[in-house]
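In what follows, chains are A, B, ... by sequence order, proteins preceding strands, each numbered from 1.
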2 protein chains.
Amino acid sequence: MDPVPALLAMTYRALGDQFHDRLRQIGLEPLRPAHGYVFRFLKERRATTVDIGAHLGVTKQAAAKIVAELDEWGYVLREPHPTDRRAQYVALTTKGRDYLKLADNLWADLEGEMAEAIGAATLDTVKQGLTAYLRHVHGDDQPGLRPVW
Amino acid sequence: MDPVPALLAMTYRALGDQFHDRLRQIGLEPLRPAHGYVFRFLKERRATTVDIGAHLGVTKQAAAKIVAELDEWGYVLREPHPTDRRAQYVALTTKGRDYLKLADNLWADLEGEMAEAIGAATLDTVKQGLTAYLRHVHGDDQPGLRPVW
DNA sequence: AAGGTTGGTCAACCCAGTTGACTACTTTGG
DNA sequence: CCAAAGTAGTCAACTGGGTTGACCAACCTT
C-alpha cells in the first residue's frame with residue numbers, strides 16, 4: 001500500500017483533475033484552486049487581503065495578486081473598511097456567488113461519486129479521520145490550507 | 001466539515017511539515033518531496049530519467065533537473081543502459097539508500113502517531129478508502145503522483 | 001506628539017516547472 | 001535494407017506563482 005502522503009496527494013490530484021475537466025466542459029473560466037478557497041472563505045465572513053493571505057498560508061502580496069485577478073474578472077469587489085481607512089473589505093459579487101454555487105454542486109457530485117465508489121460509511125470515516133487528525137495536530141488554530149509541494 | 005479536497009490538502013501539509021521539521025532536527029539536507037518520491041521509485045526498479053518524469057507526472061526536462069541535483073549531492077548515480085546507448089539508468093547510491101531508510105523510519109513514526117491519534121482501525125479505513133477510490137478512478141494505470149495546486 | 005505596528009502597493013527576484021529545438025540513437029514497416 | 005518515425009537526453013528561453021524588501025499612509029499606543 002502506498003504511504004499516506006502519496007495517497008493524499010494522488011487523491012487530491014484525482015479529484016482536482018476531474019473537477020477541472022468538468023468546469024472546462026461547462027465552459028467556465030479556469031480559476032485555480034486558490035481562487036476557489038478565497039470564494040469559500042469570503043462566503044462566510046468579511047475579510048481583508050491580509051486575512052485572505054493568512055487563510056491561504058501565503059504572503060499578503062501573493063494574496064493581493066489573487067484578489068486583483070478576481071476583481072478584474074468580476075468575481076469580487078473591494079469596498080472601504082468601515083473603521084480603518086487603510087483597509088478594504090473584499091466581497092463576493094453575484095457572479096462570484098454563482099460561480100461558487102456551481103462549483104459546490106460539482107464538488108458535491110464528485111463527493112457523491114466517491115461515496116458510491118468506496119461506500120458512504122467509508123467516506124465518512126475518511127473525513128472524520130482526517131478532521132480528527134488535523135485537530136490533533138493543530139488544535140483549534142488551523143493553519144493556511146495551501147499545501148507545500 | 002471541510003470539503004474533502006481541503007482535508008486532503010491540509011493533512012498532506014501537516015504531515016509534510018512535521019516530516020520536514022524532524023529531518024531538519026536530525027540535520028539532514030533538506031530534500032524536497034519530489035526527491036523522496038524518486039528514491040522510493042528507484043528502490044524497486046531500474047529507471048531512466050524519462051521513467052522518473054512519467055512517475056512524478058512532470059516533463060522529462062524537469063525530471064532531469066531533479067536527477068542532476070541528486071547526482072550532484074551523491075544520492076544517485078547514472079550508469080549506461082545495457083541495450084540503448086542513448087539512455088542511462090539512474091541508480092541509488094548507498095547514501096541514497098541510507099537516506100531513504102531514515103526517511104521511511106520517520107514516515108513510519110508519523111503514521112504511528114497518526115494511528116494513535118485517530119485509532120489504528122480508522123487510519124486503516126482511511127488508507128483503504130483512498131486506495132480504493134484511486135483504483136476506481138484510474139484502474140490499473142496510476143498517473144503521476146505529483147499534485148497540481 | 002512620538003514611535004511602533006499594520007494594511008496595502010510597487011518592484012525586484014526566485015525557482016520549479018514549462019515549451020521548443022536539437023542531437024544521437026533506436027524501432028518500424030514497405 | 002533503408003528511410004521515416006519515434007525516443008532519450010540536453011540546452012535555452014520563458015512562465016507563473018510565489019518570495020523578500022522597501023515604502024506610504026493610517027492606526028494604535030503611551
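At a threshold of 4.5 Å between non-hydrogen side-chain atoms, the residues A:R46 and A:E79 count as touching. Looking at B:R24 and B:H20, their side chains come closer than 4.5 Å, going by heavy atoms from C-beta outward.
Residues passing the side-chain hydrogen bond (donor to acceptor under 3.5 Å, both in side chains) test with A:E111, sequence neighbours excluded: A:K127.
Using a 4.5 Å cut-off between side-chain heavy atoms of Ile, Leu, Val, Met, Phe, Trp and Tyr, with links allowed through other members, B:Y89 and B:V50 fall into different hydrophobic clusters. Residues B:W73 and B:V38 share a single hydrophobic cluster, defined by chaining ILVMFWY side chains whose heavy atoms lie under 4.5 Å apart.
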request  = List the steps and the verdict of side-chain contact (heavy atoms from CB on, under 4.5 Å) for B:T11 and A:L134.
outcome  = CA-CA 6 Å; B:T11 308; A:L134 288 170; 3.9 Å; yes

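Nucleic acid contact for B:T48: sugar-phosphate only, since backbone atoms but no base atoms lie under 4.0 Å from a heavy atom of the residue. Within 4.0 Å of A:A87, counting heavy atoms only, lie sugar-phosphate atoms of the nucleic acid but no base atom. At a threshold of 4.0 angstrom between heavy atoms, the contacts of A:T49 are confined to the sugar-phosphate backbone, with no base atom among them.
The residues A:D104 and A:K43 are annotated as salt-bridged, a charged nitrogen and a carboxylate oxygen being separated by less than 4.0 angstrom. Remark: B:E113 engages B:R22 in a salt bridge, criterion side-chain N to carboxylate O under 4.0 Å.
Taking only distance into account, the side chain of A:Q61 meets the base of D:dG21 through a donor-acceptor pair shorter than 3.5 Å.
Shown here for B:G129 and A:I118, the closest heavy-atom pair between the two residues is O-CG2, 3.5 Å.
A heavy atom lying under 4.0 Å from DNA chain D marks the following residues of residues 66-83 of chain A, by number: A:I66, A:T83.
B:K60 places its NZ atom 12 Å from the C1' atom of C:dA24, with the value rounded to the nearest Å. In this structure, the CD1 atom of B:I52 is 13 Å from the P atom of D:dA8, given to the nearest Å. With rounding to whole Å, B:D84 atom CG is found 10 Å from C:dA24 atom C1'.
Along DNA chain C, the nucleotide nearest A:R86 and the nucleotide nearest A:K65 are compared for position; the residue whose nucleotide lies closer to the 5' end is A:R86.
Closest to the B:A64 side chain, of the nucleotides D:dT10, C:dG17, C:dT26, is D:dT10. Nearest to the side chain of A:R85, among C:dT18, D:dG18, D:dA26, sits D:dA26.
The phosphate of C:dA16 (OP1 or OP2) has a side-chain N or O of B:R32 nearer than 4.0 angstrom.
Between the two ends of the helix from C:dA1-D:dT30 to C:dG30-D:dC1, each summarised by a five-pair axis, the helix axis turns through 30° (rounded to 10 degrees).
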